[in-house]
Every structure is written in structure tokens, then in C-alpha cells.
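Values below: every heavy atom of this structure, side chains too, minus hydrogens, waters and symmetry copies.
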Amino acid sequence: DALPISTPLPARARSEVRPLLQICLDSWTQGYHSRFTMAAAGTKGTIKPYASFNAAADVQKLRSAMKGAGTDEDAVIDVIANRTLAQRQELKIAYKSTVGKDLEDDLKSELTGKFEQVIVGLITPLTQYDTQELKKAIKGAGTDEGCLIEILASRTPEEIHRINAVYRQKFGKSLEDDICSDTSFMFQRVLVSLAAGGRDTSSTVDEAQAKKDAQDLYEAGEKKWGTDEVKFLSILCTRNRCHLLKVFDEYKKISKKDLEVSIKSEMSGSLEDALLAVVKCMRSKPAFFAERLYKSMKGLGTDDDTLIRVMVSRCEIDMLDIRSEFKKMYGKSLHSFIKGDTSGDYRKVLLKLCGGED
């Protein structure tokens, strides 16, 4: 017979029911959270929805790959790198419901190093991933200015707003507060401006205003002794892309050189890097990311954090365009660069995300 609703459960029953309730709650929360933090997939990604996707079958494949001594890394790659981010969220919920454990925790206990970093990155909703990367760039000794600039200069205002919400929820303080405690001077002001996500999202071009903006930039830099950095910030961090492309054209007519050349001669250090990134992202995000990838691999050593972050965050959005720009800019394919600069399972999964030779 059913117990009246007011009757407390015996202690043993409570101890058995609680983990099950937690699993159900976590699964629901994860589904809700992933919908909130999922970025829209682009049409130029290399990772496409897996046609015969079956979350339950994938759970069994992953369990088989991870049980017993050793791990079948190829099987892990085959499942994780051949599913979209949305499919991986379904897989995480199915895994927790079936196994009673987090897929991420199990993967972390089985995998190591850079390969683990890629796989765990791939199952993380994109807003959450950006948020974790920003926190990692700020905390600890030294700041990874390149990571802060890359994310804040390249994400849309809508994406920035989602990042701010998840950052505060996850870390209990605002992204702006953390930026201010870890950076200084004009560089800090540019990052705070970008982190506000206040850029105009329209495609309106005011011809007269574009000419005035170009003239103002010229007078704030090339034409005067010293540089009025605030003028650069107020124009480059707030105007919409179409308007800025017109500003760049007008600027070249006035100064006889590209704005990037002027920024390089007028600024230095992280401030120069930040403003250059904004201009490059306005001109072409795929070209900006192609350059980030090239610099992460050229010369001695590899900047694995940047390589992993770009490959993981762009594989469903514009990786095909990034590959095309890479070949155009450097005369070699992204595939060949990754192949020559990495090894083992780490190389296998990155090449899968790259999606092919050009």
C-alpha cells in the first residue's frame, strides 16, 4: 500500500533514493544549462550532425572503451569527435542516467594531457567553455592576455552576454571585476569595453559618420604627437561591422595606409594586440583564427592552449573558412601544419576536427 504523503521515508530508503533523485536533477539541470549555453552552430563547420545518432548505443561504446585495463582512445575519438555539441549534451545526459556517473569525470580519470584537454573541451557547452578559458587566463601567476583578447574580440555581443551570465553564476563574481583585478591602464579599458558586449549589432552604415570616424582616428593617432587611445577604443569597440569596414576604407584614403599599420606604429604591447584583434575580426574572423593557429604552431614549440581552444571552439562554426584562409595566407594546409606539429591521439583528434587536407 502507498504511504500517506506526510509519512517520512525510512532512513535506508532515503539513502537509496537520494542518489537517484540527484541523477535526475543533474540530468535535467544539464539539459537546461546546455540549451542556455549552446552557441549556434555555423554552416561552415567540419563537424556535422551524426545521421544515425543513438545516445544509448554511444554510452555502451564509451563504457566498453573505458572499462578494464587501458583505454581504447580510438573508440573515444570515434564517438566524441563525430558528434555535434548538441548530440554530445544528449550523450552526457544518457550516460549519467545509465551509469550514474558524470561522463566528464570518467573521461578525466581515463585520459591524460592534451588529448584529455581536447575531449573534455568537446563535451563542454561553448559558452561554458569560453567562460572556463577566460577564468584560466586570469587566475594564477601571470595572465594569458592572448586568450582574453581572442575570446572578447571575436565573440558576438549575444555570446558575450551569455558568457557574462555564466561567468557570474559559476565563479560568484563578474568577468569585469576579474579583468580589472588582473590587468591595468588602457589595455584594461579595452577589455572592459569588449566584455560589456555593447557593440551595435545592426548593419547600418552612416557614410558621413564613417568619414568623421576615420578623420577622428587619423587625428587621434598619425596626425598628433602621442596617441588618443580613448578615441580608438570608443570607435573600434562600439561601431557595427559594416560601418567599421567603411571607416577602414575612409581611413586608408586619408592616411594612405591601413589602420593596422597605424595601430602598430602608435601602440605597443597588449593594447596594440587587442586593437589589432578587433580590426582583424571585423575584417575576417576566419583569417583572424587562421593567424592564431599559425602562430600557435610556427617556430620551436607549440602553444597547445591556443591550438586546442581554436580547434574546439570553431570546429562547428567556421573551420572550413579558417582552413581556406590558412592555405591562402601561408601557402600550406592547416592539416599539414597540425600533422607536423603534434603526435599520437592528440594529433588524431585535432586532424578529425580539422576535417581534411586542402
| Between Asp273 and Ser270, a side-chain donor and acceptor under 3.5 Å | no

| Do the side-chain N and O atoms of Tyr167 and Asp130 include a donor-acceptor pair separated by under 3.5 angstrom? | no

| query | Is any side-chain heavy atom of Arg88 less than 4.5 Å from a side-chain heavy atom of Thr84? | reply | no

| said: Assess whether a salt bridge exists between Lys285 and Asp318, defined as any Lys/Arg side-chain N lying under 4.0 Å from an Asp/Glu carboxylate O. | reply: no

| message | So does Glu260 get a backbone contact from the side chain of Asp258, meaning a donor-acceptor N/O pair under 3.5 Å? | response | no

| field | Nearest heavy-atom neighbours spanning Leu107 and Met66 | value | CD2-SD, 3.9 Å

| field | Stepwise side chain to side chain contact (heavy atoms under 4.5 Å, CB included) test for Val310 and Ser296 | value | CA-CA 10 Å; Val310 176; Ser296 76; over 6 Å; no

| message | If you compare all heavy atoms of Val76 against all heavy atoms of Ala65, which two are closest, and at what distance to 0.1 Å? | response | CG2-CB, 4.1 Å

| said: Using a 3.5 Å distance criterion without hydrogens, assess whether the side chain of Lys48 forms a donor-acceptor pair with backbone atoms of Gly45. | reply: yes

| message | As a quick check of understanding, evaluate salt bridge (charged side-chain N to carboxylate O under 4.0 Å, His left out) for Lys135 and Asp178, giving each step before the final call. | response | CA-CA 8 Å; Lys135 187 65 172 178; Asp178 273 353; 2.8 Å; yes

| Over 12 foreign heavy atoms within 6.0 Å of NZ, Lys252 | no

| task | Show the numbers, then the answer: is there a salt bridge (charged side-chain N to carboxylate O under 4.0 Å, His left out) between Glu291 and Lys280? | result | CA-CA 10 Å; Glu291 184 185 1; Lys280 287 171 182 175; 3.1 Å; yes

| field | Lys295 atom NZ: more than 12 heavy-atom contacts under 6.0 Å | value | no

| task | Might you point out which heavy atoms bring Lys352 and Ile47 nearest each other, and give the distance in Å? | result | O-CD1, 4.2 Å

| field | Note, Met297 side chain near Leu334 side chain (heavy atom, < 4.5 Å) | value | yes

| Are Ser262 and Tyr218 close enough that a side-chain donor and a side-chain acceptor fall under 3.5 Å? | no

| message | Counting neighbours of NZ on Lys211 that are heavy atoms of other residues, nucleotides or ligands and sit closer than 6.0 Å, is the number greater than 12? | response | no

| request: State which residue, out of Glu316, Arg314, Met311, Arg323, fulfils the side-chain contact (heavy atoms from CB on, under 4.5 Å) condition with Thr46. | output: Arg323

| query | Looking at Lys231 and Glu219, does any basic side-chain N land under 4.0 Å from a carboxylate oxygen? | reply | no

| said: Any heavy-atom pair between the side chains of Glu250 and Lys246 that's under 4.5 Å? | reply: yes

| message | Within the 4.5 Å heavy-atom criterion, are Leu91 and Gln87 side-chain neighbours or not? | response | no

| Validation row: Ile138, Leu175 side chains within 4.5 angstrom (heavy atoms) | yes

| said: Check this for me, if you would: do Glu150 and Arg292 make a salt bridge, where the nitrogen-to-carboxylate-oxygen distance has to be below 4.0 angstrom? | reply: yes

| Validation row: Phe248, Val279 side chains within 4.5 angstrom (heavy atoms) | yes

| query | Is the closest side-chain donor-acceptor distance between Gln117 and Asp305 under 3.5 Å? | reply | yes

| Taking all atoms of both residues into account, what is the closest heavy-atom pair of Ile151 and Glu133, and its distance? | CD1-CB, 3.8 Å

Return all side-chain donor-acceptor pairs below 3.5 angstrom for residues 338-345, not counting sequence neighbours, or 'none' if the list is empty.
{"unit_1": "Asp341", "atom_1": "OD2", "unit_2": "Thr302", "atom_2": "OG1", "d": "2.4"}
{"unit_1": "Thr342", "atom_1": "OG1", "unit_2": "Ile338", "atom_2": "O", "d": "2.6"}

| task | Step through it carefully: locate the ring centre of Tyr346, locate the ring centre of Phe115, and say whether they are under 6.0 Å apart. | result | no

| Under 6.0 Å between the ring centres of Phe326 and Phe289? | no

| Going through the checks in order, is the salt bridge (charged side-chain N to carboxylate O under 4.0 Å, His left out) test met by Asp213 and Arg239? | CA-CA 10 Å; Asp213 285 347; Arg239 306 285 195 260; 2.7 Å; yes

| query | What are the two closest heavy atoms between Met329 and Ala290, and how far apart are they? | reply | SD-CB, 4.0 Å

| Donor-acceptor under 3.5 Å (Asp177 side chain, Lys173 main chain) | no

| message | Do the side chains of Asp321 and Lys44 get close enough for a salt bridge, i.e. N-O under 4.0 angstrom? | response | yes

| field | Residue pair Ala81 / Val349: nearest heavy atoms and the distance that separates them | value | CB-CG2, 4.1 Å

| said: Looking only at the side chains, is there a donor atom on one of Tyr95 and Asp58 sitting less than 3.5 Å from an acceptor on the other? | reply: no

| Would you say the side-chain atoms of His335 pair up with the backbone N or O of Gly355, donor to acceptor, closer than 3.5 Å? | no

| field | Side-chain heavy atoms of Glu229 within contact of Ser234, under 4.5 Å | value | no

| field | Enclosure of Arg189 CZ (heavy-atom neighbours >12, cutoff 6.0 Å) | value | no

| said: For Ile123, is there any backbone N or O sitting under 3.5 Å from a side-chain donor or acceptor partner on Lys92? | reply: yes

| query | Just by modelled atom types, is the Cys242 backbone N or O under 3.5 Å from a matching donor or acceptor in the Asn240 side chain? | reply | yes

| field | Side chains of Ser174 and Asn164 in contact at under 4.5 Å (non-hydrogen atoms) | value | no

